[in-house]
Amino acid sequence: MIKVYPSILAADLLNMGNDIERMLSAGVDGLHVDIMDAHFVPNLSFAPAMVSAIHKRFSDVWQDVHLMMDNPQDYLDTFMDAGADAVTVHAEIEADVGEILRKIRARGVKAGISIKPKTPAAAIEPLLDICDLILVMTVEPGFGGQKFMADMMPKISYLRKIGYPGNILVDGGVNAETAVQCVEAGADTLIMGTALLKAQNPSAVMAACRALEK
Ligand code: DX5
Ligand code: ZN
């Protein structure tokens with residue numbers, strides 16, 4: 001089944017609860033929470049308190065937490081204590097990513113690794129056995145609302161070709177149209193910020209995504 005997670009970076013921050021309710025009514029499969037540290041990316045977003053606030057009010061909603069941070073190793077427990085169901089770190093950081101993935105898994109949380117557009121899929125091959133998901137960035141991380149980079153699709157097909165069995169998520173500029181290429185390449189999870197949260201009719205966007213499964 002293709003899963004769809006809205007990125008709450010595109011929510012109306014003063015109406016976060018309502019926006020999450022709207023997304024759940026449209027039938028999304030979870031929430032994507034972008035954490036930015038102003039070092040790994042030139043932007044700041046949410047703190048662990050956002051994850052715990054969501055967890056308190058929407059305790060059964062899956063939270064896919066994307067750590068765009070230079071030092072995620074110092075915050076893993078904080079985010080998992082807050083209620084993260086999946087924690088993704090970037091392949092490009094200096095810390096020992098293998099050790100980070102093992103620590104996440106040891107707590108029964110899904111461990112993810114993300115690659116920026118300039119990072120080849122081959123760079124994470126040694127880590128494929130110890131991650132539950134791969135998040136392929138289709139924009140330079142840092143901001144919502146950017147243009148989808150279709151030339152990232154071969155990374156997804158390559159990962160499937162070499163037999164990667166876990167989830168492959170696509171993040172950045174994904175909408176009902178660009179989602180077609182993502183699914184064809186082998187992705188099973190679509191992250192959508194602008195395309196879902198700013199949509200007039202998010203249920204129609206969800207229906208278009210669901211139709212991709214057939
Ligand atoms: C970008 C973030 C994305 C972003 C997606 O750094 O990781 O999750 O919110 O937003 P859209 O779908 O608007 O490109
Ligand atoms: Zn993200």
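For ligands, and for the atoms within them, numbers begin at 1 and follow the listed sequence. Note that this is a predicted model, so its numbers are computed, not measured.
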*Asks:* Does Lys110, at its NZ atom, have more than 12 non-hydrogen atoms belonging to other residues, nucleotides or ligands within less than 6.0 Å?
*Replies:*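 Counting neighbours around NZ of Lys110, 12 or fewer heavy atoms of other residues, nucleotides or ligands fall under 6.0 Å, so no.
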*Asks:* Between Arg105 (side chain) and Val109 (backbone), is there a donor-acceptor pair under 3.5 Å?
*Replies:*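 Such a contact is absent between Arg105 side chain and Val109 backbone.
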*Asks:* So does Lys198 have more than 12 non-hydrogen atoms from other groups sitting under 6.0 Å from NZ?
*Replies:*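 Yes, the 6.0 Å shell around NZ holds more than 12 heavy atoms from other groups.
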*Asks:* Can you confirm whether the side chains of Asp81 and Thr78 place a donor and an acceptor under 3.5 Å from each other?
*Replies:*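 No, because no side-chain N or O of Asp81 sits under 3.5 Å from a partner of the opposite role on Thr78.
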*Asks:* Enumerate, atom names and distances included, each donor-acceptor pair closer than 3.5 Å involving a side-chain atom of residues 49-61, sequence neighbours excluded.
*Replies:*
unit_1 : atom_1 : unit_2 : atom_2 : d
Ser52  : OG     : Ala49  : O      : 3.2

*Asks:* Which residues pass the side-chain hydrogen bond (donor to acceptor under 3.5 Å, both in side chains) test with Asn15, not counting sequence neighbours?
*Replies:*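 Scan of Asn15 (side-chain hydrogen bond (donor to acceptor under 3.5 Å, both in side chains), adjacent residues dropped) gives Asp12.
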*Asks:* So among Leu127, Asp129, Leu128, which one has a side chain to side chain contact (heavy atoms under 4.5 Å, CB included) with Glu125?
*Replies:*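 Going through the options one by one, the only one that passes is Leu128.
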*Asks:* Around the Zn ion (ligand 2), list the protein N/O/S atoms within a radius below 2.8 Å, excluding water molecules.
*Replies:*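 The answer is His32 NE2, Asp34 OD1, His66 ND1, Asp171 OD2.
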*Asks:* Verify the neighbour count for atom OH of Tyr75: are there more than 12 heavy atoms of other residues, nucleotides or ligands below 6.0 Å?
*Replies:*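 No, because the 6.0 Å sphere around OH of Tyr75 holds 12 heavy atoms or fewer from other groups.
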*Asks:* If only side-chain N and O atoms count, and only distance matters, is there a donor-acceptor pair under 3.5 Å linking His66 with Asp64?
*Replies:*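 Not at all, the side chains of Asp64 and His66 share no donor-acceptor pair under 3.5 Å.
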*Asks:* Enumerate the protein residues lying less than 4.0 Å from ligand 1, judged by heavy-atom distances, in chain and residue-number order.
*Replies:*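 Shell around ligand 1 (4.0 Å, heavy atoms): Ser7, Leu9, His32, Asp34, Met36, His66, Met68, Met137, Pro141, Gly142, Phe143, Gly144, Gly145, Asp171, Gly172, Gly173, Met192, Gly193, Thr194.
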